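The structure appears below as C-alpha cells.
Computed from a prediction, not measured in an experiment: that's the story for all the values here. Letters A, B, ... mirror the listed sequences (proteins, then strands); counts begin at 1.
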Protein chains: 4
Amino acid sequence: MLVQQNVKKNVKGSVRQANHGKIIKAAVTVFANKGYQGATVQEVAEQAGLPKANVLYYFKSKQGIYEAVLSDILSLWNSSFDHATPEDEPAEALSRYIREKLEISRTNPEASKIFAMEMIKGAEQLSDEIKAGMVSWFDARIAIIRQWIKQGKMADVDPTMLMFQIWATTQHYADFSAQITILKDGKALNKRGFQEVGDYLCQSILSSCGLTPEK
Amino acid sequence: MLVQQNVKKNVKGSVRQANHGKIIKAAVTVFANKGYQGATVQEVAEQAGLPKANVLYYFKSKQGIYEAVLSDILSLWNSSFDHATPEDEPAEALSRYIREKLEISRTNPEASKIFAMEMIKGAEQLSDEIKAGMVSWFDARIAIIRQWIKQGKMADVDPTMLMFQIWATTQHYADFSAQITILKDGKALNKRGFQEVGDYLCQSILSSCGLTPEK
Amino acid sequence: MLVQQNVKKNVKGSVRQANHGKIIKAAVTVFANKGYQGATVQEVAEQAGLPKANVLYYFKSKQGIYEAVLSDILSLWNSSFDHATPEDEPAEALSRYIREKLEISRTNPEASKIFAMEMIKGAEQLSDEIKAGMVSWFDARIAIIRQWIKQGKMADVDPTMLMFQIWATTQHYADFSAQITILKDGKALNKRGFQEVGDYLCQSILSSCGLTPEK
Amino acid sequence: MLVQQNVKKNVKGSVRQANHGKIIKAAVTVFANKGYQGATVQEVAEQAGLPKANVLYYFKSKQGIYEAVLSDILSLWNSSFDHATPEDEPAEALSRYIREKLEISRTNPEASKIFAMEMIKGAEQLSDEIKAGMVSWFDARIAIIRQWIKQGKMADVDPTMLMFQIWATTQHYADFSAQITILKDGKALNKRGFQEVGDYLCQSILSSCGLTPEK
DNA sequence: CATGAATGAGACTTCATTCAT
DNA sequence: TATGAATGAAGTCTCATTCAT
C-alpha cells in the first residue's frame with residue numbers, strides 16, 4: 001500500500017516535473033518571440049500541449065511563469081569563467097569565455113533574447129535577488145581581471161569595458177539574428193559560421209588586451 | 001491680409017506638425033520602455049498631452065504610430081559613414097563612425113532600444129522597404145571596406161564581422177543601460193564615460209584591424 | 001450690384017441644391033446597403049464626393065440625413081392610385097397600380113429597401129407626421145375599394161388584405177432582389193422579367209377579385 | 001456513482017445548452033429590432049441575463065452569434081412542403097404550405113425579420129453553404145410544381161413566381177407588422193386575424209392556379 | 001459658407017485570472 | 001490534481017458631432 005502510494009507519488013511527481021519542464025520550454029519560445037506583454041498564457045499552453053488552466057495551476061500567474069523562465073535562463077549561463085582565478089592565464093580564460101558565450105548564443109538564442117528584452121525595458125521585472133547575484137558575480141570577475149593586469153599578465157584595459165565588449169559582441173549573434181539573416185541574404189549563421197566569429201572575436205579582443213589568442 | 005492668412009496657415013500647419021512631433025516623441029518613450037505590445041495608445045496620448053482620439057486622428061492605428069516611429073528612428077541614424085569612399089582613410093572613417101554611433105546611443109537610447117526589440121522579436125513589423133534599404137546600405141559599406149583591404153590600407157578582417165562588432169559594442173551602451181547601471185552601483189554612464197568608452201572601442205577595434213587609432 | 005448679388009445668391013443656391021441632391025442620392029445608396037446603423041456619415045460623404053463636415057453642414061446630423069431620405073422616398077411613391085375614385089374601373093385602377101408599384105421596385109429598389117428596413121425595425125424613426133399621412137392615404141384607398149365592392153364592380157374581398165397583397169408581392173422584387181438572384185443562378189431580373197411578373201400578378205390578383213385583367 | 005456522474009455531466013451540459021439557447025433567443029430579439037450593426041453584444045448579454053464576456057465565451061464574436069442565429073432560423077423553417085411529392089394534390093400541399101408559412105410569421109416574426117434584413121442588405125453575411133441549401137431546396141420544389149402542371153393537376157403558372165408570391169405575402173405579415181399596426185389603428189393582428197389572412201391568401205393564390213381551396 | 005481638426009462616447013475583442021467540479 | 005467554464009478589466013478602434021477659422 002505504502003509502496004503503491006509512493007509509486008503513485010513518484011509517477012505524479014514525474015508528471016509534474018515533466019509538465020513543469022514542458023511549460024518552461026514553451027514559455028521560453030513564446031516570450032522570446034513575442035515579449036512579455038505580447039505573450040499569452042493561451043499560447044504558452046498550446047505550445048506546451050496543455051490546457052491553459054493547467055499551466056496556471058503549475059505557475060500561479062503569467063508573471064510567475066516569466067520569473068521561472070528568467071531563473072531557468074540564468075542557470076544556463078554558467079561558464080568556466082565563473083571559476084576563473086588570478087592564477088589562470090587570461091588568454092586562455094578569456095578565449096574560452098568568449099567561445100562559451102558564443103556557444104550559448106548559438107544553442108540558446110531564445111534565452112538570450114528574453115534576457116536582452118528584460119534589460120532593454122529597464123529590468124523592472126528582474127528580482128532584486130537576481131540583480132544582487134549579477135552584481136557580485138560581476139565584481140568578482142572584474143577583481144580577477146584587475147589582478148591579471150596588476151600581475152602584468154595583460155594590458156591595462158578597463159575590465160568593465162572589456163566585459164561589456166565580450167557580452168555585446170557574443171550576444172549580438174543571438175539577439176540580432178533576424179538582422180543578420182536579413183543582411184546575409186536570408187541565410188542564418190550555421191555552426192561553422194559561429195566558429196569563425198569566435199576566431200575573429202578572440203583575435204580582436206585578446207590582441208587589444210595585449211594577449212595572443214590561442215586557437 | 002494675405003500675410004495674415006499665411007500666418008494663420010502656418011500656425012495651422014505648425015499645430016499639426018507640433019502635435020505630430022509630440023506624439024512621435026511620446027511614442028518613442030513609451031515603446032522603448034514597454035515594447036510594442038506593452039505600450040498603449042492611452043499612455044502615448046497622456047505622454048503627449050493629447051486626448052487618445054486625437055492621437056488616432058493623426059495616426060490611424062497603434063501600428064501606424066509604431067511604423068512612423070521606426071521611420072523616424074532610421075532618419076536619426078545617418079552618419080558620416082554613409083558617405084565613406086574607398087579614398088578615405090579607414091582609421092579616420094571607422095573611428096568617426098564608432099564615435100558617432102556611440103553618440104547616438106548616448107543621445108537617443110530609446111530609439112536604439114525600439115530598434116533592438118524589433119530585431120529581437122524577428123523584425124516582423126519592419127517593412128520590406130526598410131529592410132531593403134538596410135541591405136543596400138550594408139552591402140555598399142562592406143564593399144568599401146573590402147576595397148580598403150585590397151588597397152592594403154587595413155588588415156584582412158571580415159568586413160561583416162567588423163560591422164557587427166561595431167554595432168554590437170556601440171549599441172550595447174544604449175540597449176543595456178539598465179544592466180550597466182545595475183552593475184555600476186546605480187550610476188548611469190555620463191558624457192565623459194561615453195568618451196572613455198569611445199577611446200577604448202576605437203583602440204580595440206582599430207588595432208585589431210591593423211590601424212592606429214587617432215585620438 | 002443687386003443683380004450681381006442675386007446672381008451670386010442664385011449660383012450659391014444652385015450649389016446648395018446640387019449638393020443637397022448629391023447627398024440624398026448618396027445617402028439612399030448607403031442606407032439601403034448598410035442599414036441606418038451600418039451607414040456612416042463618412043461613407044455618405046465619400047459617395048457624394050464631399051467632405052464629411054460639409055455633409056453635416058447641410059444636414060445637421062446623421063438622423064437628419066436619414067429623415068430627409070425617408071421624406072424623399074415618399075415623394076417617389078406617388079402613383080395614379082392616389083387619385084383613384086369610386087367612378088374608376090377597379091380592373092384598370094388596380095392593374096395600373098400593380099404595374100406602377102413594380103416599376104418603382106425596378107427603378108428604385110434602394111428606396112424600397114430603406115423603407116422596408118425601417119418598417120422591419122419597428123418604424124421608430126418614422127415621424128408621426130409621415131405615419132399620419134400613411135394612415136389617411138390608406139384609409140381613403142380602402143374606402144374606395146369598399147365602394148367598388150358595394151357597387152358590385154368587384155368581388156367582396158377584404159380591401160386591407162388586398163392592399164397588403166399588392167404591396168408585398170410588388171415590393172418583394174425590390175427588397176429580396178438578392179434572394180432572387182441567388183435562386184435564379186446569379187441572374188437578376190431584367191426589364192422584361194419585371195413585365196412578366198406584372199402580367200402574372202395582375203392575372204392572379206385581379207382574378208381573385210373577380211376581375212378580368214386587361215393587358 | 002456512475003449515475004451521479006452522468007447527472008453531473010448532464011447538468012453541466014444543460015448549463016451550456018441552456019446558456020447557448022438563452023443567448024440565441026436574446027440575439028434573435030436584438031438583431032430583429034436593431035439590425036446587425038445596431039445590435040450590440042452588450043445588449044444581447046443583458047437580454048440573456050449573462051455578462052458580456054460570457055456571451056463571447058460561447059460565441060467567439062458578434063459575427064459568430066449572428067451566424068448561429070441565421071442557422072437557428074433556418075432550422076425553424078422546415079415545413080410539410082419540404083416533403084411534397086408529385087403524387088400529392090397541389091391544392092392541399094399549397095394551402096398547407098401557405099398556412100404553415102403564415103403560422104411561422106405569427107409565431108416567429110423576429111426570425112423572419114432578421115432573414116429579411118439580411119436579404120435586403122445583399123445577403124453578404126449569409127454563408128455559401130446556406131445559399132447552396134436554399135438553391136437546392138428551391139429547385140426541387142419548382143420541379144415538383146412543374147410536374148403537377150404537366151400532370152394537369154393545376155394551371156400553367158410560372159412556379160418561380162408562384163413561390164415568390166407565397167413567400168412575399170406570408171412573410172409580409174411578420175416583416176411589416178409595424179406598418180400593419182400603424183395602418184390598423186395600433187392594433188396588431190391576432191391569431192384569428194392570421195386565420196383570416198390564411199383563408200384569403202389560399203383563396204386568392206389557389207384560384208389563380210386553377211385550384212379550389214379546401215378549407 | 002465650407003471644412004480640416006479635434007474629441008467624447010461607446011463598440012468589439014482579448015486576456016489573465018478565478019471558480020467549480 | 002486537473003480543467004472546462006466564467007468574467008472583470010482593459011485595450012484598440014470607430015464614429016457622430018463640435019469647434020475654429
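A distance of 11.0 Å separates CZ in D/F59 from CG in D/N54, rounded to the nearest 0.5 Å. In this structure, the separation between CG on B/L74 and OG on B/S127 is 8.5 Å, given to the nearest 0.5 Å.
Across all strands shown, B/A45 has no heavy atoms under 4.0 Å from either base or sugar-phosphate atoms.
Under 4.0 angstrom from either OP1 or OP2 of F/dA5 there lies no side-chain N or O belonging to D/N19. Taking only side-chain nitrogens and oxygens, D/R16 never comes nearer than 4.0 Å to OP1 or OP2 of F/dG4. A close approach under 4.0 Å does occur between a side-chain nitrogen or oxygen of D/Y58 and OP1 or OP2 of F/dA6.
Residues B/Q63 and B/E67 bring a donor and an acceptor atom of their side chains to less than 3.5 Å of each other. The closest side-chain donor-acceptor pair between A/Y36 and A/E118, if any, does not fall under 3.5 angstrom. A donor-acceptor contact under 3.5 angstrom links the side chains of C/E46 and C/Q42, judged on distance only.
You'll find the side chain of B/E110 reaches within 4.5 Å of the side chain of B/N33, heavy atoms only.
Between the P atom of E/dT14 and the CZ atom of D/F59 lies a distance of 16 Å, rounded to the nearest Å. For the pair B/K52 NZ and F/dG11 C1', the computed distance is 7 Å after rounding to whole Å. B/I65 places its CD1 atom 9 Å from the P atom of F/dT12, with the value rounded to the nearest Å. For C/F31 and F/dA16, the CZ to C1' distance is 12 Å, given to the nearest whole Å. Spacing between atom CD of D/Q63 and atom P of E/dA11 amounts to 18 Å, rounded to whole angstrom units. Distance, A/H20 NE2 to F/dT1 C1': 16 Å, rounded to whole Å. Taking atom CD of B/E43 as the reference point, atom P of F/dC13 lies 16 Å away to the nearest angstrom. A/K62 has its NZ atom 13 Å from the C1' atom of F/dA10, to the nearest Å.
Position along DNA chain F of the nearest nucleotide to D/L50 versus C/Q42 favours D/L50 as the more 5'-ward residue. Residue order along DNA chain E, read from the 5' end via each residue's closest nucleotide, puts D/A53 first among A/K60 and D/A53. Between D/V41 and A/Q37, the residue anchored closer to the 5' end of DNA chain E is D/V41, taking for each the nucleotide with the nearest heavy atom.
Across all non-hydrogen atoms, the minimal contact from C/A32 to C/K113 is CB-CB, 4.3 Å. Considering all non-hydrogen atoms of both residues, B/D175 and B/S112 come closest at OD1-OG, 2.7 Å.
Nearest to the side-chain atoms of D/Y57 among the listed nucleotides F/dT12, F/dA5, F/dT3 stands F/dA5. Checking F/dT18, E/dG8, E/dT3 against the side-chain heavy atoms of C/L56 singles out F/dT18 as nearest. For C/N54, the listed nucleotide lying nearest its side chain is E/dT3; candidates were E/dC12, E/dT3, F/dG4. Closest to the side chain of A/S61, from the set E/dT17, E/dT13, E/dA6, is E/dT17.
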Quiz item: Which dot-bracket string describes DNA chain F (Watson-Crick N1-N3 plus N6-O4 or O6-N4, or G-U N1-O2 and O6-N3, all under 3.5 Å; [ ] crossing; | other strand)?
Solution: .||||||||||||||||||||
